[in-house]
There are 2 protein chains.
Amino acid sequence: MPGDDVEHTPPLASGPRPGRATATDVAALAGTSVSTVSLVASGKTKGRVSSSTIARVASAIETLGYVVDHTASALARGSADVVILVAPDLSNPYYGDVVRGIMSVLGDRYQLLLSVASPGVQPDASVVGRLTALRPAGLLIDAPSAEFLAALPAGPATVLLDAPGSARGDAIVNYDLVRGTDDLVDHLADQGHRVLAYLDSSTGTETFALRRSLIEAAAARRGLTLLGGVASVVDVSAAAAAVTAAWPEWRASGATAVLCATDTQAYGALASARLHEIRVPEDVAVSGFDDLPSSVVTAPGLTSVALPGTSLGRTAASRMLELLGAAAPPPANAAADDDDDDLTTRLVIRDSTRHVVS
Amino acid sequence: MPGDDVEHTPPLASGPRPGRATATDVAALAGTSVSTVSLVASGKTKGRVSSSTIARVASAIETLGYVVDHTASALARGSADVVILVAPDLSNPYYGDVVRGIMSVLGDRYQLLLSVASPGVQPDASVVGRLTALRPAGLLIDAPSAEFLAALPAGPATVLLDAPGSARGDAIVNYDLVRGTDDLVDHLADQGHRVLAYLDSSTGTETFALRRSLIEAAAARRGLTLLGGVASVVDVSAAAAAVTAAWPEWRASGATAVLCATDTQAYGALASARLHEIRVPEDVAVSGFDDLPSSVVTAPGLTSVALPGTSLGRTAASRMLELLGAAAPPPANAAADDDDDDLTTRLVIRDSTRHVVS
DNA sequence: CTGAAAGCGCTTACAG
DNA sequence: CTGAAAGCGCTTACAG
């Protein structure tokens, strides 16, 4: 009789083991080997385990609350079910959207590990070493600098987010920034602005270089003058200080609009304007990028190029699942072709630019 | 001659090994055993390894760019150098501060892994299982619900953040909310308000229950009426909708001030007021909690109870290092006693409440 | 279909 | 001071 040759399982009288149940515990309870437990736990039973054994093991797993030890599994398989997101900064609420998009696609299959740098500082090579020591299955790199990319190891699957201009062999997911920036400059030109000032981000990531050059191109197309050379980190106070310092020169050059690389910096511009009794939009128009939730309630409401962060996250995560050979969750709408998510940026016009320059 | 008995190291002619160098590689290069490499790599050489051996191994480590494999190390030691932060939501920029504070204290010693739930949803027991399968050295739980705490495993070191009312044996780091809420209610009472409306968070975490009860207590102390029962998730639009719906009743009850559980919800209140042409602060005063960076530039500027998020993160991380037996970095100012960081909340008064009710 | 065995790369007593 | 060996808990050929 099958089952008779099973040694009497160690008396459970000794109480639940301190700590987690192991595959050995499950095997003992189910009367099988650890190999079989592993097969069942990882779902690789197709044509290899009888259904009665599967049932027995499954119930033992259930009873003991067994969860595969991630560390041991990672060591044995050579890589962990962990995807690491490297992002420059978390204080920008915009990243919350990206993270949410990523997690919605990754689901339970992979853990998302976050590696954040200090504001304005890019993670360096030593970070990369410690990161890969965790044996991640994949690396998601948001808004990287060129130096950081150069230090990246070749090992794990890598997807770059918001990294225009990177020519590595990696998968890259970028916003379509052209639409939003063109619309922004067109809108300002239509309002009668002739001289625009640009507050850049000093973070030194490619996405900001692209934003600047797209605005330059659009300004040239419309015959507008663009004043550059001013930058700050992505922080309200720092941006306010930079704007305050730049103001005399901008004024002298006849600038009537301040375009900022991020909404956060635009908040600084608004604060600086308020402080110096410069009226927005009457004296100067102000715009940003990101369309943060709070941009609805600033004084005045902030015109902004909206970046679809959740779409970026979802698309990047889907790409990652492809690279990892895991099936991406089926798209909700079968109409879409490859990308279900629209990465087009979109201009949101609010009162901060609603004034016609005479 | 020491070193002569070293087998000629495998010909490097075959090129750098694909993948990372292992302790075995280092041992071969240095002419020692893996045991010794392990000792040197982890700095446990005190009285166990000769300085010449240390030097040899160190240089081999340098040469090969050896980094201890985190996974294997975690398996051998029983726990990983990973600290997991469980937070309800990342879209609130306030969490950026907390994360920054935590990382500044954890430094290179531990990796911070982030587990975020969907907005308004608490992570449940299955999350806990997968979390502990990673063998984290510690768990940092921010703003947990009672149910979540009940599902927590006893294993890893745990520090609760912003979890008033939790009576587990865990280390808990809380804000001192009394000061900020008392000042808020006093301020409103001084301005002549007699009936206050409260927009609660529907997230169901303890910190919000405490905020409400502290406001209730302060209102009672000052003889004010507090209207409750209205709540929304922490989201601008949701809050706006909730306020819009509540407005008739609040008006009828004579409320002249709307206190919100978060700045984000206060933004919604501002947006709703603007939409319905209710003037702030003339018709109604509005306040929040968090003092987000953008609260400086809302229209009008938002009065808010500032929560020192960075301090919370730093303090919690220090507590964690204590629990883990790792020395916390020495406090910058030796004056402080136990806590270097001030967790006192502070009322920041802006225009949204600057109107005397007649 | 099933299990014994080797191996993932470390760490840690333990014996020299 | 140093190294051989066992073990962490899995996974995966491999042989039945």
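Computed from a prediction, not measured in an experiment: that's the story for all the values here. All chains are named by letter (A, B, ...) in the order of the sequence lines, taking the proteins before the strands, and each is independently numbered beginning at 1.
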- Establish, from distance only, whether the side-chain atoms of B:Ser50 and B:Thr53 form a donor-acceptor pair under 3.5 Å.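 Yes - a donor-acceptor pair under 3.5 Å links their side chains.
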- Message: With a cut-off of less than 4.0 Å, is there a side-chain N or O of A:Ser50 near OP1 or OP2 of C:dT2?
- Response: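 Result: yes.
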- Item | Any B:Thr36 side-chain nitrogen or oxygen under 4.0 Å from OP1 or OP2 of D:dC1 |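 The answer is no; no side-chain N or O of B:Thr36 sits under 4.0 Å from OP1 or OP2.
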Is there a donor-acceptor pair under 3.5 Å between the side chain of [X] and the backbone N or O of [Y]?
X: B:Thr158; Y: B:Pro156; value: yes
X: B:Arg135; Y: B:Gly78; value: yes
X: B:Thr45; Y: B:Arg48; value: no

- Query: In which ranges does DNA chain D form stems of 3 or more consecutive Watson-Crick or G-U pairs, distances under 3.5 Å?
  - Reply: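 Stems (3+ consecutive pairs) listed as C:1-3 with D:14-16, C:5-12 with D:5-12, C:14-16 with D:1-3.
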Take atom [atom1] of [X] and atom [atom2] of [N], then tell me their distance rounded to the nearest Å.
X: A:Arg135; N: D:dG9; atom1: CZ; atom2: C1'; value: 14 Å
X: B:Lys46; N: D:dC1; atom1: NZ; atom2: C1'; value: 15 Å
X: B:His70; N: C:dC8; atom1: NE2; atom2: C1'; value: 16 Å

- Message: I want to confirm an ordering. Mapping B:Thr45 and A:Thr71 to their closest nucleotides on DNA chain D, which one lands closer to the 5' end?
- Response: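 Upstream on the strand: B:Thr45.
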- Task: Tell me which of B:Val49 and B:Leu75 sits closer to the 5' end of DNA chain D, going by the nucleotide each one is nearest to.
- Result: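 On the 5' side of the pair lies B:Val49.
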Any heavy-atom pair between the side chains of [Y] and [X] that's under 4.5 Å?
X: A:Gln111; Y: A:Asp81; answer: no
X: B:Val98; Y: B:Asp142; answer: yes
X: A:Leu29; Y: A:Leu64; answer: yes

- Item | Sequence-aligned protein contact record of nucleotides 10-16 of chain C, with B where the base is within under 4.0 Å of a protein heavy atom and S where only the sugar-phosphate is | BBB----
- Which pairs with one or both residues in residues 26-39 of chain A pass side-chain hydrogen bond (donor to acceptor under 3.5 Å, both in side chains), sequence neighbours excluded?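 Non-adjacent pairs meeting side-chain hydrogen bond (donor to acceptor under 3.5 Å, both in side chains): A:Ser33-A:Thr36.
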